[in-house]
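Some notes on the structure that comes next.
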Amino acid sequence: MAEGVGMSSDLVSNGDLLADLTDEQRAAVMHGEGPLLILAGAGSGKTRVITRRVAYLLRQGVRPGSILAITFTNKAAGEMRNRVEALVPGNRVFVSTFHSLGARLLRQYADRLEIDRNFTIYDMDDRNKIVKEALESAGIDNVRFTPERIGGGISKAKNQLLTPRQYEQTANDFFSQTVSKVYGTYQKRLRVANAMDFDDLLYLPAMALKLNEELRRDLDARFKYVLIDEYQDTNSAQYEIAKRLSQDYQNLCVVGDPDQSIYKWRGSDIKNIMDFERDFPSARVITLARNYRSTKAILAAADAVISHNKQRKKKTLVTDNGQGDPVRVLTFDNGLEEAEGVVMRIKDDVQAGKARYRDHAVFMRINALTRSLESAFVKHGVPFQIVKGLAFFDRKENKDVLAYLRLLVNPQDTISFLRAVNEPVRGIGKVSLERLVRYAEENEMGYLAAAGQVAKITDIRGKAATGLRDFHRLMTDLRSHLELPPHELIKLVLDKSGYRKMLVDSGEDEDADRLANVEELVTAAAQFHAEDATRGLGDFLEQITLASDVDSWDEAADHVSVMTLHAAKGLEFPIVYLLAVEHGLLPHERSLAKEEDIEEERRLCFVGMTRAMKQLNLCHSRLREFRGQALYAVPSMFLDELPADVERIDRAGRRNQPRSAIDEWRAKTNLALTGVADKNVTPTTGLKPKPVEIKPTIPDGVDTDYSVGAVVQHEEYGIGQVTNMSGFGALRRIKIRFAAAGEKTFVADKVKLKMVRRK
DNA sequence: CTGCTCGGCCTTTTT
DNA sequence: GGCCGAGCAG
């Protein structure tokens, strides 16, 4: 659940905005004009304070249009918008992330900035492809540095507002010099494709505000009040935007907590918050130190850890909450037992009536660790949602269809052209495409336009030539329907491109799943259109690309939430499990070289710990499987920093457990695990625990016991019959044929159905 | 020239 | 476990 949801007072509708606030909170809400810095410790009710402040300003007569509120995720933006509207009905304030704001400004002021407003937003995959092309055209063999690393370098440069030329001046090591060699080419390639990467969405507006005084003045006057949440995680570009929007009207209110700065690696600069008073000498500073979220035990533990950071202003969180359960450190033998142990504990809790599934969250440092958990959840029939990296829109089939759509909106889009042109197969191979690209570049035209002139490209003949001509005709035809609502257009793409036919004809199970997924893409677009019919295909695509991981998180459903520590920022849960608190994972091994990086890892740990309201469990294993290898894992240094009164439970996974694979191994070899932690027992000699056989079955318990043939009732479409089921866990899809609406595919976990007749 | 398959390589965190 | 590139068959 989001921060503050637990406080009933947030449900005040149109009532007194101030009555239930502390003196400090009230001061922050009522602060009039001028810069304001709110240093808000974890759990101090900051979201609530910003929301109330916006509502307060509105009640004071400030026009909604002159308020700009910046949040860290689109989800947080939506929530704030709704809460403000509940407090001050009829007032829609502009709440957005920095990136969405940037995209909006770029499109709105496209003419003044001389850009094409139909630009495509490139995600990291797209970015890396462009980097790769740039590396190739610069003749740099990408053996030394991966496109990802180079792309990261370019990203950092842009976040620091360095132009290719400026960056060149600062490049004094081999890596930066390599980055410098492709940075300019990279930008050119983006512009040719009429594409923006994530960083451009900040870089270009920041530059425009810096260099175009007229535009700056306009926007400063338009957004007289600017509020920024999570200010400790702003980078230089975001800082520039904030500052330039707050020169003539210095009503800039920033909220943050230096102890929760966890994005230094992507350019965020803790100095922005530390130096706020220097940037705005008239700033008022309000500190919110009282914590309303956690028990004393949890706060003491979190405080003990974070106080080991040297680069830090000392501060202590206090709470009136009770002492609560002791913080637990759970030690497991291996990752499998850890996953099972955590899931079993959660299940026990729920079955004992102590908590609901939705009260639990499991955090981890890296996405890869979610996999073992997923199996355990499925095996024990515990409902869960992984707030994850590999999301719905990242699946191949959806990316393919989205490539068509992007190319429709922006015919210059090179990456999307290359993705869509031979999917389904049209007999256009690598060589023909290289020739087409060369032709397009020589004639300074888009790839799609070049495909339209394929007759002029003498070295493309036969199948490839026909395929390209067909593809160009297809896109021309589809483009004439661009004004259709997004879902209609997607259907048209699926039919006319042959993509649907390809999946239907294939007969592979996997392709049936894919078909269900692209059908669901249609549903998603239809929903998008239903929410606001004024938004078109371009808006749909933008929303998908700019959506953050937590945006897809369903906080209302009764399931355990699983996510990375980064995604957990800003959330709170009664019971929290932190997985794999081990040296090399938290702190991550890539951070071990520098003390300042370790401090960021410690802040990350702190963020995770302070999400917990009632109970906090820190888990680690003796053995960690990684890349198919089992390695001995050392407990994290952060565990040593905990206060003495934490409860340490060893071999926590043995409770309620069948004999584990490692127990069997131990019995067989007659060795005590702890005594042989050295090289003569390698994973290949049998140490690697055999995974307990886990079949991807449907979780039992929850209402997912539909089967093909069952008759169900849907609240919107009425009675229907289940015609197909596919996938499992969160990915489980159910296909239902309705009398009136025809066949629809749903996510089984999400769809609300009433069983009419079992099969 | 195209398209499929197999094997080697890498793996933090994200808008 | 997943992606890319090399190698091979049509």
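The sequence lines fix the lettering, A, B, ..., with proteins before strands; numbering per chain opens at 1. The structure displayed is predicted, hence computed values, not measured ones.
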Modelled atom types, side-chain donor and acceptor of A/E397 and A/Y499, under 3.5 Å: no

Student check: side-chain heavy atoms of A/E600 and A/E596 closer than 4.5 Å: no

Specify the residue among A/L202 and A/S591 whose closest nucleotide of DNA chain B lies further upstream toward the 5′ end.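 Between the two, 5'-proximity favours A/S591.
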
N/O-N/O pairs, protein side and nucleotides 5-9 of chain B side, under 3.5 Å:
none

Just how far, in rounded Å, is [atom2] of [N] from [atom1] of [X]?
X: A/L578; N: B/dT13; atom1: CG; atom2: P; answer: 15 Å
X: A/I366; N: C/dG1; atom1: CD1; atom2: P; answer: 15 Å
X: A/E230; N: B/dT13; atom1: CD; atom2: P; answer: 20 Å
X: A/N422; N: B/dC4; atom1: CG; atom2: C1'; answer: 13 Å
X: A/I262; N: B/dT13; atom1: CD1; atom2: P; answer: 13 Å
X: A/R365; N: B/dT14; atom1: CZ; atom2: P; answer: 9 Å
X: A/N74; N: B/dT15; atom1: CG; atom2: P; answer: 9 Å
X: A/M563; N: B/dT14; atom1: CE; atom2: P; answer: 12 Å

So what does [X] hit on the nucleic acid, given a heavy-atom distance under 4.0 Å: a base, only sugar-phosphate, or nothing?
X: A/R603; result: nothing
X: A/F98; result: nothing
X: A/A567; result: nothing
X: A/L604; result: nothing

As a test of reading the structure: which of [options] is closest to the side chain of [X], going by heavy atoms?
X: A/W265; options: B/dT15, B/dT14, B/dC1; result: B/dT14
X: A/S432; options: B/dC1, B/dT14, B/dT12; result: B/dC1
X: A/T564; options: B/dT12, C/dG5, B/dT14; result: B/dT14
X: A/V425; options: B/dT14, B/dC1, B/dG3; result: B/dG3

Hey, is A/H588 stacking on B/dT12? Ring centres under 5.5 Å, planes under 30°.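 Per 5.5 Å and 30° rule: yes, stacked.
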
Checking A/R426 against A/F471: charged group under 6.0 Å from the ring centre and within 45 degrees of the axis? no

Any idea how A/Y167 and A/Y183 line up, ring-wise: parallel (<30°), tilted (30 to 60°), or perpendicular (>60°)? perpendicular

Knowing that exactly one of A/D126, A/T120, A/I130 qualifies, which makes a side-chain contact (heavy atoms from CB on, under 4.5 Å) with A/T414? A/I130

What residue among A/V362, A/L579, A/L578 forms side-chain contact (heavy atoms from CB on, under 4.5 Å) with A/C619? A/L579

For [X] and [N], is the shortest distance between a side-chain N/O and OP1 or OP2 below 4.0 Å?
X: A/K156; N: B/dT14; value: no
X: A/N367; N: B/dT14; value: yes
X: A/R435; N: B/dC1; value: yes

Could I get the full list of ring pair (Phe, Tyr, Trp, His ring centres under 6.0 Å) partners for A/F528, not counting sequence neighbours?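 Per chain and number, A/F528 pairs via ring pair (Phe, Tyr, Trp, His ring centres under 6.0 Å) with A/F540.
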
Apply salt bridge (charged side-chain N to carboxylate O under 4.0 Å, His left out) to A/D505 and list each qualifying residue two or more places apart in sequence or on a separate chain. A/K501

